[in-house]
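Worksheet: the structure to be examined is printed underneath.
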Amino acid sequence: MDLSNRTVLIVGGTSGIGRELARRFAAAGSTVAVGGRSAEALSELSDEGIGTFGIDVTDGASVARARDAVLAQYPELDTVVTMSGVMLLEDLRDPAVHFEAAQTTIDTNLVGTIRVIDAFTPHLVQRGAGTFVTVTSGIAFLPFPPMPTYAASKAAVHAYSEALRAQLDGTGVSVVELVPPAVATAGQEKVNPHALPLDDFATEVMQLLSQNPTPDEILVERVLMHRWAERDGTYDDLVAQRSQALAMLPGRQG
Ligand SMILES: NC(=O)c1ccc[n+]([C@@H]2O[C@H](COP(=O)([O-])OP(=O)(O)OC[C@H]3O[C@@H](n4cnc5c(N)ncnc54)[C@H](OP(=O)(O)O)[C@@H]3O)[C@@H](O)[C@H]2O)c1
C-alpha cells in the first residue's frame, strides 16, 4: 500500500494507537480523518489539520450520520480503519458486576466494528478499490484471562475479518487485520512494563503496511509469539503464565 496518497478514515482515532497512526498517515502525505466520541480530542486533532467526525460505534444512527458526513467531505475515501475498542477487566466469579462490561465490550469491539464496516462497504465496493483495516489483538489468539470478553470480541473480529475478505474477493476491496501486542497506551504503560512503546509500534506498523502487496495480517515482531502459540506448541504454558495476572483483579487481592 502506498501510504502517501490514501484518503483514510480512522474510527477510534482520538487517542492511543489510532491517533498515532492518523498522524503517521498524515505525515506520509495521505489525507486523514478520524472519528470518536471525545469532543476535546477531536478539536485538538482538527487543529492539526486532520478531519474530525463525532461518532459512537455503539449507536447505529450515529454511525450512519458520521458516514454521510465523511463521504460528503471525502468522496474519494479509500481506507477505513475500525480502531474503536474498550479493554475491560472482568471477574467472572462476580457475574452481576461483569455482565455490563461484557455487553459494552461486545457492542463496541465486535458489533461496533460490524456497524462501521456495513456503513462503508457500499461506498468501497462501488469505488472498486479500497481497504478495510480491522483491529484485533494478540489476545485474539492467546487469551489473557483477566479480560475474557475482550479476548472473545477480538477472536470474533479476527474470524469476521477472514470471512469479510473472502466475501469481498473480486470487488477490489481488501481486508487487512492489524494485530497489536501490548502497546503502551490507554494506561497500559503504568501496569505493563513489557508494553511496546507506541512510537516503535507505529513505525513497524507503517513499514509493514507499506509492503506491496500489503499482508493480510499486520504482525509486528512482538506479537508473533501470541499469534503462533498454538502452532508452536507454547499455548498451554503461555495461558498458564498469563493466568497469574488474575491476581490483579480487585476482588482477588490480598
Ligand atoms: N494498547 C494495546 O495494548 C492494544 C493491544 C491490542 C489491541 N489493541 C486495540 O487497539 C485499539 C486502540 O486501542 P488503544 O490502546 O489505542 O486504546 P485507546 O487509547 O483507549 O483508544 C481507543 C479508541 O476507541 C475509541 N472508542 C471507544 N469506544 C468508542 C465508541 N463507543 N465509539 C467510537 N469510538 C470509541 C476511543 O475514542 P473516544 O473515547 O473518543 O470515543 C479511542 O479513540 C483497540 O481496538 C484495542 O482493543 C490495543
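In each ligand, atom 1 is the first atom listed, and ligand 1 is the first ligand listed. Position 1 is the first residue of the sequence; numbering continues from there.
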Please verify whether a non-hydrogen atom of [X] lies at under 4.0 Å from ligand 1.
{"X": "Val179", "value": "no"}
{"X": "Ala41", "value": "no"}
{"X": "Lys154", "value": "yes"}
{"X": "Pro181", "value": "yes"}

Next item on the list: Give a yes or no answer on whether the side chain of Thr121 reaches the backbone of Ile117 with a donor-acceptor pair at less than 3.5 Å.
Entry: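 Side chain of Thr121 to backbone of Ile117, a donor-acceptor pair under 3.5 Å: yes, one is there.
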Item checked: Per atom 26 (N) of ligand 1, closest listed option by heavy atom (Gly35, Ser137, Ser84, Ala22) -> Ser84
Notebook entry, point to check: So which of Met147, Met83, Arg115, Arg37 gets nearest to atom 28 (N) of ligand 1, if we judge by its closest heavy atom?
Noted result: Arg37
Next item on the list: Return yes or no for this condition: an N or O of Gly138 is under 3.5 Å from an N or O of ligand 1.
Entry: no
Margin query: Does ligand 1 come near enough to Gly12 that some N or O of the ligand is less than 3.5 Å from an N or O of the residue?
Written below: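 Between Gly12 and ligand 1 (N or O atoms, distance only) the closest approach is under 3.5 Å.
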Next item on the list: Can you spot which of Thr131, Thr214, Asp216 makes a side-chain hydrogen bond (donor to acceptor under 3.5 Å, both in side chains) with Ser174?
Entry: Thr131
Flag for [Y]-[X]: side-chain donor and acceptor within less than 3.5 Å:
{"X": "Thr31", "Y": "Thr7", "result": "no"}
{"X": "Arg24", "Y": "Thr203", "result": "yes"}
{"X": "Ser153", "Y": "Asn109", "result": "yes"}
{"X": "Glu177", "Y": "Thr134", "result": "no"}
{"X": "Ser4", "Y": "Asp2", "result": "yes"}

Mind checking whether [X] contacts ligand 1 via backbone (N, CA, C, O), side chain (CB onward), both or neither, at a 4.0 Å heavy-atom cut-off?
{"X": "Ile17", "result": "both"}
{"X": "Thr136", "result": "backbone"}
{"X": "Val135", "result": "side chain"}

Identify, by atom number and element, the atoms of ligand 1 in contact range of [X], meaning under 4.0 Å from any of its heavy atoms.
{"X": "Asp56", "value": "30 (C), 31 (N), 32 (N)"}
{"X": "Ile55", "value": "32 (N), 33 (C)"}
{"X": "Gly13", "value": "43 (O)"}
{"X": "Gly16", "value": "16 (O), 19 (O)"}
{"X": "Thr185", "value": "1 (N), 14 (P), 15 (O), 16 (O)"}
{"X": "Thr108", "value": "28 (N)"}

Using atom types as modelled, flag every donor-acceptor pair under 3.5 Å from a side chain in residues 98-106 to any protein atom, sequence neighbours excluded.
unit_1	atom_1	unit_2	atom_2	d
His98	ND1	Glu90	OE1	2.8
Thr104	OG1	Glu100	O	3.0
Thr105	OG1	Ala101	O	2.6

Notebook entry, point to check: Could you give the distance from CD1 (Ile10) to CZ (Phe25), rounded to the nearest 0.5 Å?
Noted result: 6.5 Å
Listed pairs under 3.5 Å, donor-acceptor, residues 11-18 side chains, sequence neighbours left out:
none

Checklist line | Arg227 to Phe141, cation-pi by 6.0 Å centre distance and 45° axis angle | finding: yes
